[in-house]
Asker: 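First the structure, then my questions, so here it is.
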Amino acid sequence: MELISRMMDGSIPYDAQGRLEPVSSGRGVRQDDKVERLKEVPLFEGCSQRQLRSVAKIARVFDVAADTVLTRAGEAGDEFFLIIDGTARVDVSAEKHVLLHPGEFFGEMSLLDGGPRSATVVANGPVRLLVISRRHFSGLLKDVPGLTQALLMTLSRRVRQAEEQAERLRTPSTGL
Ligand code: CMP
């Protein structure tokens with residue numbers, strides 16, 4: 001099971017080996033502070049105060065240490081991640097690595113099709129993440145007006161990039 005899943009369900013402490021710390025895990029944190037933080041996230045800019053409050057209820061914020069594996073290719077995955085601070089590295093293949101920046105998200109593919117994680121994603125330094133579990137994901141799609149469109153646009157871009165990479169691998173460079 002992915003580390004974040006175990007943190008979310010409480011089966012490991014957040015600060016195992018002092019490496020992971022919850023920031024505002026939902027319990028003991030003022031909902032208003034979370035809403036203020038969500039207002040700064042471009043993905044939620046079309047949301048009303050009421051919609052932001054419902055996102056704040058289901059989202060948990062985690063600070064994750066550098067090199068933490070957030071998703072592992074081939075494993076089942078139950079969380080959607082949005083980067084608030086820092087960068088995450090997607091190991092698409094041995095040759096191809098993509099850096100994701102604040103405002104970008106990952107982990108949507110397994111939640112949408114129920115398949116295993118398509119890539120390993122690693123914290124490329126200390127990262128602050130907004131994490132939403134599978135059971136809340138479909139509610140989130142309903143509550144956040146632009147999210148479905150943002151997901152579709154991102155998926156289309158990723159398919160295009162994957163096609164281009166496959167094409168490059170099929171067509172060996174002539175070195176010219
Ligand atoms: P998921 O398959 O659930 O877990 C791994 C995540 O990596 C995947 O969802 C996407 O969010 C992300 N991912 C996969 N391929 C790419 C890519 N080519 N570029 C950027 N992110 C990707």
Side-chain angles (χ1 to χ4, degrees), residues 1-9 11-12 14 19-20 38 40-47 55 58-173:
M1 198 196 260
E2 288 172 355
L3 183 62
I4 291 275
S5 305
R6 288 158 57 211
M7 289 157 65
M8 298 270 287
D9 75 8
S11 60
I12 60 163
Y14 298 111
R19 285 166 47 89
L20 305 161
L38 289 173
E40 292 158 20
V41 177
L43 194 61
F44 302 126
E45 67 190 3
C47 288
V55 177
I58 60 171
R60 303 176 80 183
V61 180
F62 288 93
D63 270 349
V64 175
D67 300 325
T68 302
V69 176
L70 300 164
T71 73
R72 206 180 284 278
E75 284 191 2
D78 287 318
E79 281 84 27
F80 170 77
F81 303 86
L82 179 86
I83 300 173
I84 297 178
D85 277 320
T87 53
R89 191 191 72 233
V90 184
D91 295 337
V92 180
S93 68
E95 301 81 34
K96 186 169 179 195
H97 310 278
V98 176
L99 272 190
L100 299 179
H101 298 93
E104 295 188 283
F105 54 80
F106 59 93
E108 77 291 349
M109 291 170 71
S110 289
L111 264 60
L112 288 169
D113 71 1
R117 295 296 196 195
S118 59
T120 294
V121 182
V122 182
N124 195 47
V127 182
R128 178 167 289 185
L129 294 163
L130 196 79
V131 185
I132 291 167
S133 66
R134 175 184 294 281
R135 72 193 168 97
H136 290 126
F137 187 64
S138 53
L140 181 74
L141 291 179
K142 285 193 203 102
D143 285 342
V144 179
L147 184 56
T148 304
Q149 195 181 355
L151 284 176
L152 288 172
M153 283 169 60
T154 301
L155 280 170
S156 304
R157 199 178 63 235
R158 287 174 183 168
V159 169
R160 259 185 227 284
Q161 286 169 349
E163 290 290 327
E164 282 164 15
Q165 197 200 8
E167 184 56 35
R168 274 198 298 277
L169 291 174
R170 276 196 296 271
T171 320
S173 157

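Source: prediction; values computed, not measured. As the structure lists them, so they are numbered: ligands from 1, and atoms in each ligand from 1. In what follows, every heavy atom counts, from backbone to side chain, and hydrogens, waters and symmetry copies are set aside.
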Asker: Could you tell me, atom by atom, which parts of ligand 1 come under 4.0 Å of a heavy atom of Val90?
Answerer: 7 (O), 13 (N), 21 (N), 22 (C)
Asker: Looking only at heavy atoms, what is the nearest atom pair of Glu104 and Leu99, with distance?
Answerer: OE1-O, 4.1 Å
Asker: What's the shortest distance from atom 11 (O) of ligand 1 to any protein heavy atom, and which residue and atom give it?
Answerer: Glu108 OE1, 2.7 Å
Asker: Among all the protein's non-hydrogen atoms, which is closest to atom 18 (N) of ligand 1, and how far away is it?
Answerer: Val92 CG2, 3.6 Å
Asker: For Glu167, is the CD atom crowded, meaning more than 12 foreign heavy atoms sit under 6.0 Å from it?
Answerer: yes
Asker: Just to confirm my output: which protein heavy-atom neighbour is closest to atom 4 (O) of ligand 1, and how far is it?
Answerer: Arg117 CD, 3.2 Å
Asker: Would you mind checking which non-hydrogen protein atom is closest to atom 16 (C) of ligand 1, with the distance to 0.1 Å?
Answerer: Arg158 CD, 3.9 Å
Asker: So Phe81 and Phe106, would you call those rings parallel, tilted or perpendicular, with 30° and 60° as cut-offs?
Answerer: parallel
Asker: Could you check whether Arg158 pairs with Glu108 (Lys NZ or Arg NE/NH1/NH2 to Asp/Glu carboxylate O, under 4.0 Å)?
Answerer: yes
Asker: Please say whether Val121 places an N or O atom under 3.5 Å from an N or O atom belonging to ligand 1.
Answerer: no
Asker: Considering all heavy atoms of both residues, which atom of Gly103 and which atom of Pro42 are nearest to each other, and what is their separation?
Answerer: CA-CD, 4.4 Å
Asker: Which residue supplies the protein heavy atom nearest to atom 5 (C) of ligand 1, what is that atom called, and how far is it?
Answerer: Ala119 O, 3.4 Å
Asker: Minimum heavy-atom separation for Arg117 and Asp78, please, with both atom names.
Answerer: NH2-N, 3.7 Å
Asker: Going by the atom numbers of ligand 1, which of them fall below 4.0 Å from some non-hydrogen atom of Phe106?
Answerer: 11 (O)
Asker: Around atom 8 (C) of ligand 1, find the nearest protein heavy atom and jot down its residue, atom name and distance.
Answerer: Ser118 OG, 3.4 Å
Asker: Considering both backbone and side-chain atoms of Lys96, is one of its nitrogen or oxygen atoms within less than 3.5 Å of a nitrogen or oxygen in ligand 1?
Answerer: no
Asker: Write out the residue and atom name of the closest protein heavy atom to atom 6 (C) of ligand 1, then the distance separating them to 0.1 Å.
Answerer: Gly107 N, 3.8 Å
Asker: Which bit of Leu111 is near ligand 1, meaning a heavy atom under 4.0 Å away: side chain, backbone, both or neither?
Answerer: neither
Asker: Counting only heavy atoms not in Arg134 (residues, nucleotides, ligands), do more than 12 fall under 6.0 Å from its CZ?
Answerer: yes
Asker: With no hydrogens and no angle check, is any side-chain donor or acceptor of Thr87 less than 3.5 Å from a backbone partner on Gly125?
Answerer: no
